Amino acid sequence: MPAAAPIIRSIQKLVLYETRARYFLVGSNPAETKYRVLKIDRTEPKDLVVIDDKHVYTQQEVRELLGRLDLGNRTKIGQKGSSGLSRAVSAFGIVGFVRFLEGYYIILITKRRKMADIGGHAIYKIEDTNMIYIPNDSVRVTHPDEARYLRVFQNVDLSSNFYFSYSYDLSHSLQYNLTILRMPLEVLKTETTQTRQESFDIFEDEGLTTLGGSGIYGIGSKAYTKYVWNGKLLDIVKNTIHHDWLLFIIHGFCGQSKLLIYGRPVYVTLIARRSSKFAGTRFLKRGANSEGDVANEVETEQILYDASVMSFSAGSYSSYVQVRGSVPLYWSQDISTMMPKPPITLDQADPFAHVAALHFDQMLQRFGSPIIILNLVKEREKRKHERILSEELVAAVTYLNQFLPPEHAIVYIPWDMAKYTKSKLCNVLDRLNVIAESVVKKTGFFVNRPDSYCSTLRPDEKWNELGGVVVSTGRLQTGVLRTNCVDCLDRTNTAQFMVGKCALAYQLYSLGLIDKPNLQFDTDAVRLFEELYEDHGDTLSLQYGGSQLVHRVKTYRKIAPWTQHSKDIMQTLSRYYSNAFSDADRQDSINLFLGVFQPVEGKPHLWELPTDFYLHHRNTLSLSQTRRSYTYWWTQGVLNHLPLPYDEVTCSENRQKLIVKKFHKYEEEIDIHNEFFRPYELSSFDETFCLAMTNSIRDFMPKNVGIDPSPFTVRKPDETGKSVLGNKSNREETMLQRKTAASAPPPPSEEAVSSSSEDDSGTDKEDEGAVSQRSTPVKMTDTGDNTKITESVVQSMKDVYGINLSDVPSEDDLSIYTRFVQLGQSRHKQDMISHQLCSKHSLDGVIKLVPISSFSQDNIYEVQPPKVDRKSVEIFHAHIQAGRGIMQQLGKDDFLMYREYIRNRYM
């Protein structure tokens, strides 16, 4: 049993009820055993009054409360026809509250879709939202510009690439989230005492005194505000309501695929977090602002883990993080000339690299050292254009490195990618692979397991040269690669893919899945990873540039089909049109959504502003009272812990960012097994996420007989799994669905959350499509020949198991299964009641229950090596040496045994 576990938010289902004077927001956990209630006043025309009664209700108590509210708000007592309490909407979370010129609105998530799973922690994509005006019509004060502000705000499509999780902090990296779980017990006990003293809920600590030694520390971290997009929307209520109501969302990309290695499931996840600071569109947001935040800043993290073990404490997890962002200088491009490539101008002189110092100071705090800059802009040009940025960036890095210790200096790597692409003698990806190897060796990567014994038996030279920090529990990534070109789109995505491919090889090697840290192109694993990165690049390019990627990995490999050139031209035109005509409106929407601009009566409206420059640069509105040093440009204390990132060091400042509470080991707030499997819900194979995600065997491995099933075997171009999908039109339709899924609306088969068929207890049927992580299901349309090939390779379900799962279950089977689930629900509620009664009496000395998902120190995933005698060790090492071709000298006993063998065999 682990000492610490992530805290799972207990409010995952919401129902909004309304009366004339109030809204009542009822939130419950998935099992519907715990409820909380928010009261929202509707009689205030411009103020927001939200009351949290700080009480945890049972289902029966909520029913009685809603019944009393319904009875007390009827127009005539005893009249059944006119209900005083009506159900407005069902939801899965609160995005926030916003006000323009009239009253406040509440924004609720009404549809969600599971996109990824990390150790049992689900990551959801917002599919639909509902924006509800709070004040009653009788007190509403109308304003003529309110409707226009509402349209501008809703131009930010919350159903497009916004993600959240109830139990996993998406604003932090996996390394951070797992590092805080392994804090020393002394620190956790201290933090628990402080948290209890500052506790919000008057009933939270009830029963904790009887836990004794069986308690588990639940740990939650404060979100990293830079990557949270609804922070301003929640500011007004975050200090007045319980933290379980607060749901932080990120914007960017999330994709997950399953890599099957001889049947062993390994999940490859790609998460991109777009910064909410200095956010905007392509030509309207360039360079950096006065706070050191750069445009188009995205943190990309690739996570690899063995899905056969779900627990964070017993499973094997690895991650690698890299960053893209605009060149950290004061520069812009004037788009009023309507040129495809407007000239680059430096807006302000910055001889002491003040803005670059602020930017790299942020990176040192979050990632540690070394910070590696890969600059891909052009070096040689007939007319000086992109080279302006390179010259200024070199000068800034050179200045800042004067004051850093040499071992922690910023590494600058300039490489003109466009020049090498035009050359017929150079292979762009080979050169990028060399850069990637050197980068990964400097930064290392994160893995939560010590080095495998196989790496000791089969040592690799590259593995021994790997950087980062080696600790007793595994390895830590220190430092980060920061890649940029001018737009940080096409060239940057290809460079990041090559670095990610190199890191993926090391991650697979660290988990003992391959024998050498090297991956080749045209293998199933790399094709799967390449498709993830192309979807990632297309999504980020649409958000910032207005079109999909123009140049892809196949373009730089020079194996793209001739039809790709016409598609590239269309994407270029689409990007130009978006930049010229729609980017200004999108920028206004982003400024309003993020709270950069707040409407005020009597001041200019958002659409009347000539520029938003002063909104993003605070030093234009007021002079700072404190001036940063030009030489000691980093935050105090950062250098003392390098190469480790300051944010992950155990210090008093970082401990204040944690929420630590002690739970009983059977509490739902820390039971990830119960959260993932949900034994109290009716489930089916069609709605199982892990069966529907992209699969290396189903989607990439050839279907021919005799093919090596290893995903690390190099395939011929015509041997992919997609080459047997059918005719050309079907293949194009499949690829189109995959590429546009990141921003596509849900399929018409999914219905909105019904609010009429539920009872008053707040029960809500979850509407999650069982689809792949890229939103829309892949339409697999095989021809008859392909069906025959598949049948010859794989036996039918009927032959293997005696049943066919594809057949529709009979009504009798469904009724039996439904009854079984109902019994499980009843038993679950009974267990909760008995647990509450027994928690008052310590039974730890009487009975010891171990969950099925807990692993001891000696099992198939984590074993204690047995004691082996010396003779056996010598024989084993001799066997290893013989496999390498190194034979030991024969002894006297060996000659006698061989002589006896020859005599008996031939004489």
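Please read all numbers here as calculations on a predicted model, not as lab measurements.
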Steps toward side-chain contact (heavy atoms from CB on, under 4.5 Å) verdict (Tyr217, Leu181): CA-CA 9 Å; Tyr217 292 99; Leu181 293 180; over 6 Å; no
Trace of the side-chain contact (heavy atoms from CB on, under 4.5 Å) decision for Val499 with Thr483: CA-CA 10 Å; Val499 176; Thr483 310; 5.8 Å; no
Asp169/Ser221 under side-chain hydrogen bond (donor to acceptor under 3.5 Å, both in side chains): CA gap, chis, key distance, verdict: CA-CA 7 Å; Asp169 188 352; Ser221 59; 2.8 Å; yes
Derivation and outcome, side-chain contact (heavy atoms from CB on, under 4.5 Å), residues Thr443 and Tyr320: CA-CA 9 Å; Thr443 63; Tyr320 184 77; 3.4 Å; yes
Derivation of the side-chain contact (heavy atoms from CB on, under 4.5 Å) call for Leu594 and Lys232: CA-CA 6 Å; Leu594 293 175; Lys232 290 288 186 182; 5.7 Å; no
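There is a side-chain donor-acceptor pair under 3.5 Å between Thr473 and Arg182. Side chains of Asp524 and Ser696: a donor-acceptor N/O pair is absent below 3.5 angstrom, by distance only. Side-chain polar atoms of Arg274 and Asn296 form a donor-acceptor pair below 3.5 angstrom.
Side chains of Asp671 and Phe663 form no contact here, defined as non-hydrogen atoms less than 4.5 Å apart. With contacts defined as side-chain heavy-atom distances shorter than 4.5 Å, the pair Gln496/Val298 does not qualify. With a 4.5 Å cut-off on side-chain heavy atoms, Ile11 and Tyr166 do not count as touching. Between Trp245 and Val237 there is no side-chain heavy-atom pair separated by less than 4.5 Å. The shortest side-chain heavy-atom distance between Lys277 and Gln362 does not fall under the 4.5 Å cut-off. Counting only heavy atoms from C-beta outward, the side chains of Ile94 and Leu108 approach each other to under 4.5 Å. Residues Arg264 and Leu513 have side chains in contact (heavy-atom distance under 4.5 Å, counting atoms from C-beta outward). Looking at heavy atoms from C-beta onward, Val98 lies in side-chain contact with Met131 at the 4.5 angstrom threshold.
Across all non-hydrogen atoms, the minimal contact from Thr300 to Ala272 is OG1-CB, 4.2 Å. Here the closest heavy-atom approach between residue Asp647 and residue Lys657 is recorded as OD1-NZ, 4.1 Å. Closest non-hydrogen pair, Phe446 versus Arg475, comes out as CD1-O, 3.2 Å. Summarising the geometry of Ser173 relative to Val321, their closest heavy-atom pair is CB-CG2, 4.2 Å, with the distance given to 0.1 Å. Between Asn230 and Val95, the shortest heavy-atom distance links the atoms ND2-O, 3.0 Å. Considering all non-hydrogen atoms of both residues, Gln477 and Gln175 come closest at N-OE1, 2.9 Å.
Ring-plane geometry between His121 and Phe312 is classed as parallel, the angle between the planes falling under 30 degrees on a 0 to 90 degree scale with a further cut at 60. The aromatic rings of Tyr267 and Tyr305 sit perpendicular, their planes meeting at an angle over 60°, well past the 30° parallel limit. Using cut-offs of 30° and 60° for the angle between ring planes, the Tyr533 and Phe497 rings count as perpendicular. Using a 30° and 60° split on the angle between ring planes, Phe677 and His673 fall in the tilted class, from 30° to 60°.
Annotation: the span from Ile241 atom CD1 to Leu25 atom CG amounts to 9.0 Å, rounded to 0.5 Å. To the nearest 0.5 Å, the span separating CZ on Phe529 from OG1 on Thr523 amounts to 11.5 Å. The CD atom of Glu668 lies 9.0 Å from the CD1 atom of Ile8; values are rounded to the nearest 0.5 Å. Between Ile261 atom CD1 and Ile514 atom CD1 the span is 8.5 Å, to the nearest 0.5 Å. Separation of atoms OH (Tyr317) and CG (Asp306) is listed at 8.5 Å; rounding is to 0.5 Å. Note that CG of Leu658 and CG of Asn654 are 7.5 Å apart. Values are rounded to the nearest 0.5 Å.
Using modelled atom types, one side-chain atom of Lys501 and one backbone atom of Leu519 make a donor-acceptor pair closer than 3.5 Å. Between the side chain of Lys125 and the main chain of Ser159, a donor-acceptor pair closer than 3.5 Å is present. Of the possible polar contacts, none joining the Gln302 side chain to the Val268 backbone as a donor-acceptor pair under 3.5 Å is found. A donor-acceptor pair under 3.5 Å is formed between the side chain of Arg586 and the backbone N or O of Gln543. Looking at Thr110, its side chain does come within 3.5 Å of a backbone N or O of Asp128 through a donor-acceptor pair. At least one donor-acceptor pair under 3.5 Å links the side chain of Arg449 to the backbone N or O of Ala314. Between the side chain of Ser171 and the backbone N or O of Tyr227, no donor-acceptor pair lies under 3.5 Å. Looking at His536, its side chain never comes within 3.5 Å of a backbone N or O of Gly252 through a donor-acceptor pair. Formation of a donor-acceptor pair under 3.5 Å by the Ser589 side chain with backbone atoms of Phe153 is not found in this model. Counting only distance, with no hydrogens or angles, the side chain of Asn493 and the backbone of Leu489 share no donor-acceptor pair below 3.5 Å.
Counting non-hydrogen atoms of neighbouring residues, nucleotides and ligands closer than 6.0 angstrom, the NZ atom of Lys226 exceeds 12 such neighbours.
For the pair Arg112 and Phe92, the cation-pi test (distance below 6.0 Å, angle within 45°) is passed.
Residues Asp52 and Arg36 are not paired through a salt bridge, judged by the lack of any N-O separation under 4.0 Å between the basic side chain and the carboxylate.
Among Glu297, Glu299, Glu648, the single residue meeting the salt bridge (Lys or Arg N to Asp or Glu O under 4.0 Å) criterion with Arg366 is Glu299. Applying the salt bridge (Lys or Arg N to Asp or Glu O under 4.0 Å) test between Glu669 and each of Arg9, Lys34, Lys662 identifies Lys34 as the sole match.
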